[in-house]
Student: 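This is the structure I have questions about; it appears just below.
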Amino acid sequence: MIEWNAATIKDFQTTLLNWYDQEGRDLPWRRDHDPYHVWVSEIMLQQTQVQTVIPYYERFMDWFPTVADLAAAPEERLLKAWEGLGYYSRVRNMQRCARQLLADYDGQWPETAAGLAELTGIGPYTAGAIASIAFNQPVPAVDGNAYRVFSRLLKIDADVAKPQTRKIFERAIARIMPTDRPGDFNQAIMDLGSSYMTARQPDTAHSPVKRFNQAYLDGDELAYPVKTKKPRPKPVAYVAVLARMGTDWLMTQRPSNGMLANLWTVPLIPVADLELADDATAADQLAAVTAYFKREYRLKLTVQPLDVRPVTHTFTHQKWTIQLLTGQLVTSDLAYFAGRRISESELTRLPIPKVQEKIFARAGVSLKD
DNA sequence: GACCCGTGGCC
DNA sequence: TGGCCAAGGGT
């Protein structure tokens, strides 16, 4: 890791901010510095690219123009606003945060990073981003862009996958950032990180700060940032049961914790829960599903295969392989079943995860309005 | 500190 | 295809 002297720091600040003034992106959440706007955009942008976020952000502001609107929203509407973005706990935490603001802060945002970080769903990065952009606090906002940009500029070789590495970057960036335009500085780093200083195909030759980029000058830019690899997604097998009740579908709302919390799917049974023998036949599996429905839900049904091709869906650390069955319910008492019958028109109002869209697509059902 | 939590894009 | 990446936070 290298250290810059005061003259280099000043030179870098001026170069970066001049570039940002000319080439910074015009984004919907940059029209003002309203903390609500900054906050919503920052949460949406976690692990999500700008082009994906833009339409979600516009619709979110249409549906929930203020913190009070968000605090009062029904959860179904909330999750629908987030449908397709992923990491659904983000939006449930946002509503908790909105309610905290109204109940405990008289609706006034804390203006420091430490104060903001007390709120649900706001961690060190988002606290720094809101504090610097909305409240002009000279604090770093260390995200993936900052890791990538500063690891290359300064040749910082600490493993960015390790939590303690954040402190190294926070200290390095704090020395470099200006006190007069901290929000613009942090946003300029993000724009740099998503344009000239991308992970795989950086275009440093045209970067406004290439003369400060020590890794590039040394010819080993792609060695930064140093990051240990993540484990492969673990395979998990399911059986999905597509059961009609008249023209309705039998669907369940997933538990409020864990994967796809509170979203709606058809019944998904972990194959492991069917307790099949190693030499079980296809017929054995169908019988096991019928027995499972009777045991767990007190429901009688008959099942048959829908499609020999399983639906596959890969999450960050699970790869689901889902065999599809159609079911005909013999009984319709849903007292022991954690769900209900859902009409086709109601389907468009419920929050549905992507994997369920894939399952419905095999049955010829489109969820587009 | 390790693990959990979605989706889309790219090669 | 599989692996990696993209404005992280909670437990």
Student: For A:G339, is there any backbone N or O sitting under 3.5 Å from a side-chain donor or acceptor partner on A:T252?
Tutor: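 The answer is no, because no donor-acceptor pair under 3.5 Å joins these two groups.
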
Student: Would you call A:R96 and A:R99 a side-chain contact if the rule is heavy atoms closer than 4.5 Å?
Tutor: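 A side-chain contact under 4.5 Å is absent here.
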
Student: Could you check which of C:dC5, C:dA7, C:dG2 has an atom nearest any side-chain atom of A:K319?
Tutor: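 Taking heavy atoms from C-beta onward, the closest nucleotide is C:dG2.
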
Student: Does any non-hydrogen side-chain atom of A:Q253 lie less than 4.5 Å from one of A:N262?
Tutor: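 A side-chain contact under 4.5 Å exists here.
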
Student: Rounded to the Å, how far apart are A:N186 CG and C:dG8 P?
Tutor: 13 Å

Student: Does a side-chain N or O of A:R232 approach OP1 or OP2 of C:dG3 to a distance below 4.0 Å, or not?
Tutor: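 True: A:R232 side-chain N/O within range (under 4.0 Å) of C:dG3 OP1/OP2.
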
Student: Would you mind classifying the nucleic acid contact of A:Q187 as base, sugar-phosphate or nothing, using non-hydrogen atoms under 4.0 angstrom?
Tutor: nothing

Student: For B:dC5, take OP1 and OP2 only and decide whether either is under 4.0 Å from a side-chain N or O of A:H317.
Tutor: yes

Student: Counting only side-chain heavy atoms from C-beta out, which of C:dC5, B:dG6, C:dA7 sits nearest to A:K227?
Tutor: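 The answer is C:dC5, which lies nearest to the side chain.
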
Student: Pick base, sugar-phosphate or nothing for A:V50, based on heavy-atom distances below 4.0 Å to the nucleic acid.
Tutor: base

Student: Just checking A:L85: base, sugar-phosphate only, or nothing, at a heavy-atom cut-off of under 4.0 Å?
Tutor: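 Touches a base.
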
Student: Using the side chain to side chain contact (heavy atoms under 4.5 Å, CB included) rule, pick out the option among A:L153, A:D203, A:T204, A:L217 that qualifies with A:K210.
Tutor: A:T204

Student: Any base atoms under 4.0 Å from A:W320, or only sugar-phosphate, or nothing? Heavy atoms, all strands.
Tutor: nothing

Student: Write down the distance between CG (A:D191) and C1' (C:dA6), rounded to a whole number of angstrom.
Tutor: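 Between C1' of C:dA6 and CG of A:D191: 14 Å.
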
Student: Would you indicate whether the side-chain heavy atoms of A:E344 and A:V365 approach each other to under 4.5 Å?
Tutor: yes

Student: Which part of the nucleic acid, if any, lies within reach of A:P233 when heavy atoms closer than 4.0 Å are counted: base, sugar-phosphate only, or nothing?
Tutor: nothing

Student: Please report the distance, rounded to the nearest Å, between CD in A:Q47 and P in B:dC4.
Tutor: 16 Å

Student: Nearest nucleotide by nearest heavy atom, which residue falls closer to the 5' end of DNA chain C, A:K229 or A:A117?
Tutor: A:K229

Student: How many whole angstroms separate atom CD of A:Q201 from atom C1' of B:dG9?
Tutor: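 Result: 13 Å.
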
Student: Is A:T126 side chain donor-acceptor paired with the C:dG8 base, going by distance under 3.5 Å alone?
Tutor: no

Student: Measure CD1/A:I54 against P/B:dG9 and give the value in whole Å, please.
Tutor: 14 Å

Student: Less than 4.0 angstrom between a side-chain N/O of A:Q49 and OP1 or OP2 of B:dC10, yes or no?
Tutor: no

Student: Would a 4.5 Å heavy-atom cut-off, applied to side chains only, mark A:L329 and A:R341 as touching?
Tutor: no

Student: Provide, to the nearest angstrom, the distance between the NZ atom belonging to A:K230 and the P atom belonging to B:dA2.
Tutor: 14 Å

Student: Is there a side-chain contact between A:R211 and A:D11 in this structure, where contact means two heavy atoms from C-beta onward sitting under 4.5 Å apart?
Tutor: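 A:R211 reaches A:D11 side chain to side chain.
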
Student: When rounded to the nearest Å, what value does the distance between P atoms of B:dG8 and C:dT1 take?
Tutor: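 These two P atoms come out 16 Å apart once rounded.
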
Student: Do the two ring centres, one from A:F212 and one from A:W4, sit under 6.0 Å apart?
Tutor: yes

Student: B:dC5 base to A:R90 side chain: any donor-acceptor pair below 3.5 Å?
Tutor: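 By the distance-only test, no, there is no pair.
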
Student: Could you state the CG-C1' distance from A:D143 to C:dC5, rounded to the nearest angstrom?
Tutor: 13 Å

Student: Could you state the atom-to-atom distance from CG of A:N262 to P of B:dC5 in whole Å?
Tutor: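 In whole Å, B:dC5 P and A:N262 CG are 14 Å from each other.
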
Student: Between C:dG9 and B:dG1, how far apart are the two C1' atoms, rounded to whole Å?
Tutor: 14 Å

Student: Are A:Y88 and B:dT7 close enough that a side-chain N or O sits under 4.0 Å from OP1 or OP2?
Tutor: yes

Student: Would you classify A:L263 as touching base, sugar-phosphate or nothing, given that sugar-phosphate means primed atoms plus P, OP1 and OP2, and contacts are heavy atoms under 4.0 Å?
Tutor: nothing

Student: Base, sugar-phosphate alone, or nothing: which one does A:P124 contact when heavy atoms must sit under 4.0 Å apart?
Tutor: sugar-phosphate

Student: Just checking A:T120: base, sugar-phosphate only, or nothing, at a heavy-atom cut-off of under 4.0 Å?
Tutor: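 Sugar-phosphate contact only.
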
Student: Which nucleotide, C:dA7, C:dG8, B:dG1, lies nearest any side-chain atom of A:Y87?
Tutor: C:dG8

Student: With rounding to the closest Å, how many angstrom separate the C1' atoms on C:dC4 and B:dG6?
Tutor: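 Roughly 15 Å separates the two C1' atoms.
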
Student: Choosing from C:dT11, C:dA7, C:dG3, which nucleotide comes nearest the side chain of A:R148?
Tutor: C:dA7

Student: As a test of reading the structure: which of C:dA7, B:dT7, C:dG10 is closest to the side chain of A:L260, going by heavy atoms?
Tutor: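 So the side chain of A:L260 is nearest to B:dT7.
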
Student: For A:M259, which contact category applies under a 4.0 Å heavy-atom criterion: base, sugar-phosphate, or nothing?
Tutor: sugar-phosphate

Student: Using a 4.0 Å heavy-atom cut-off, does A:R254 contact any base of the nucleic acid, only the sugar-phosphate backbone, or nothing at all?
Tutor: nothing

Student: Let me know, please, whether A:T316 or A:K162 comes out on the 5' side of the other along DNA chain B by nearest nucleotide.
Tutor: A:K162

Student: Describe the nucleic acid contact of A:Q51 in one word from base, sugar-phosphate, nothing, applying a heavy-atom distance below 4.0 Å.
Tutor: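 Answer is nothing: A:Q51 stays at 4.0 Å or more from every strand.
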
Student: Could you work out which one of B:dG6, C:dA7, C:dG8 sits closest to the side chain of A:S194?
Tutor: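 Given the options B:dG6, C:dA7, C:dG8, the side chain of A:S194 is closest to C:dA7.
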
Student: Hey, is the side chain of A:T48 pairing donor to acceptor with the base of B:dG6 inside 3.5 Å?
Tutor: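 In this structure, the two groups form a donor-acceptor pair.
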
